[in-house]
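Have a look at the structure below, then the notes.
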Amino acid sequence: MAIFFNEPSHTFNEYLLVPGYSSSECIPDNVSLKTPVVKFKQGEEPALTLNIPLVSAIMQSVSGDRLAVELAKEGGISFIYGSQSIENEAAMVARAKSYKAGFVKSELNVKPTNTLADIIDLKERTGHSTVAVTENGKNDGKLMGIVTSRDYRVSRMDPQTPVAEFMTPISNMVVAKEGISLSEANDIIWDNKLNCLPILDNDGRLAYFVFRKDYDQHKQNPNELLDKEKRYVVGAGVNTRDYAERIPALVEAGADVLCIDSSEGFSEWQKRTIDFVREKYGDTVKIGAGNVVDRDGFLFLAECGADFVKVGIGGGSICITREQKGIGRGQATALIDVCKARDEYFEKTGIYVPVCSDGGIVHDYHMTLALAIGADFLMLGRYFARFDESPTNKVNLNGSYVKEYWGEGSNRARNWQRYDMGGAQKLSFEEGVDSYVPYAGKLKDNVRLSLSKVKSTMCNCGALSIPELQKKAKLTLVSAVSIVEGGAHDVIKKDSNQTTYNG
């Protein structure tokens, strides 16, 4: 006979946090949102830790290299989508990793015989204004000079003017030798009022640039998530089909952490993928798995060696898996079950496997609920799709700006690997929709506002860290009438001139 769960599964919308005692120390400025990303043994530190508990979903309409950079600046990780060619995904990872490294390989390079028109074209295509002039026009060629926007005036110069005639020659430049520390390079930049400092090898070839703006950005983004080489931390999605080719390419490109992108992770396909990683790389390559919705699914992936486990089936705003296939579970209930299993596994083995809650977040306070229930971090799709930095188009729809947002199981994405169940069958029916989400502006502004709410609520619960929140949180189920009571009701709203009677 089938197994029946006696209690209904619940969503985040059906829970509220009950405030606890908060001391005078419980102020948002004192709250830490650091949280582990990958498994670790009791008494040890995790190899990778988030500064904020947010990662972006493995979706075409969410996670490109631009969003990866912006989210890393705030302290989170973007998992660049895998439903593209191996070469394209690896290139996205490489671009994000090279965006800031302290010592940056030159992206824009020309020969002295190139023209002003070439400089203008490069600037328009990339948005960058610093161009290295090397003997061979490559980023490791012998440095001849540099061109910035201060070296030319488009309105007063012939577009065919050779670069050699208006560049700043190396004889007039401040340069440094390879081997200099980043701290020393920044001192030279500040002492000489430079915007950038070329770093040359012993033969005069360009090795790197160090930019003033990178130092300034670090001061503006104190939570930025960097690797040991001062590069942004970047994640990438993989599937259970071409992992043997895709994973090595992503590792070579510099991906810090991988995640198997699948609608349902309690399968042999995930075990095979994790086994490949462990056999080829041991524990040096980090890979998460999922998605699951109960303790059995978690324990299976934990035993397989997953570095973290994702929870959630059918709870995403564009996901129709439950509607199409009748599988899934309310996100709050799924998270409660899995986090209990995680804690029992930790007590039994001494290995802590972080849990990522994927889906079901509608309001900012749902983030705090998910963390209080036990999630170590959250994967968000719709939330990030609304921002300037997501890869999709901004569209004016009936007088309001929106951004395109589609599911990986939609006909538009056609990411059949995510729903792969073996055999040669491809995507035969949709499990996601094609839609719009309200445009919300810049990622930085929205993330900081959302997390200010999370920190404030944590203070209401008397908690200054996520582990402390999970120990102290008190949650209550609410009735349908209580949910109505929680919003504006029985008043005449000024903006709509309509009376709201819900009580």
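Position 1 is the first residue of the sequence; numbering continues from there.
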Does any donor atom in the side chain of N51 or K34 lie under 3.5 Å from an acceptor atom in the other side chain? yes

Check the surroundings of atom NZ in K105: do more than 12 heavy atoms from other residues, nucleotides or ligands lie under 6.0 Å from it? yes

Polar side chain donor-acceptor pair, S357 to Q331, under 3.5 angstrom: yes

Around K286, counting heavy atoms of other residues, nucleotides and ligands shown, do more than 12 lie under 6.0 Å from its NZ? yes

Kindly give the heavy-atom pair with the smallest separation between A370 and L378, and that separation in Å. CB-CD2, 3.6 Å

Verdict with supporting geometry, S450 and D364, side-chain contact (heavy atoms from CB on, under 4.5 Å): CA-CA 6 Å; S450 296; D364 287 345; 3.1 Å; yes

R386 side chain reached by Y383 side chain, heavy atoms, under 4.5 Å: yes

When every non-hydrogen atom of G237 is compared with those of L250, the smallest separation belongs to O-CD1, 4.0 Å

Greater than 12 external heavy atoms within 6.0 Å of K177's NZ: yes

Between the side chains of Y352 and D343, does any donor sit under 3.5 Å from an acceptor? no

Scanning both residues in full, the closest heavy-atom pair of V233 with D256 reads CA-OD2, 3.2 Å

Is it the case that atom NZ in K394 sees more than 12 heavy atoms from other parts of the structure closer than 6.0 Å? yes

Are the charged groups of K444 and E74 less than 4.0 angstrom apart, N to O? no

Distance in Å, T273 OG1 paired with R241 CZ, rounded so as to fall on 0.5 Å steps: 11.0 Å

Considering residues, nucleotides and ligands other than E347, do more than 12 of their heavy atoms fall under 6.0 Å from its CD? no

Exceeds 12 heavy-atom contacts within 6.0 angstrom, atom OH of Y281: yes

For a quick check under 3.5 Å, do S129 and T148 share a side-chain donor-acceptor pair by atom type? no

Would one find more than 12 heavy atoms of other residues, nucleotides or ligands at under 6.0 Å from atom CG of N396? yes

Below 4.0 angstrom, N of the basic side chain to O of the carboxylate: do D307 and R278 qualify? yes

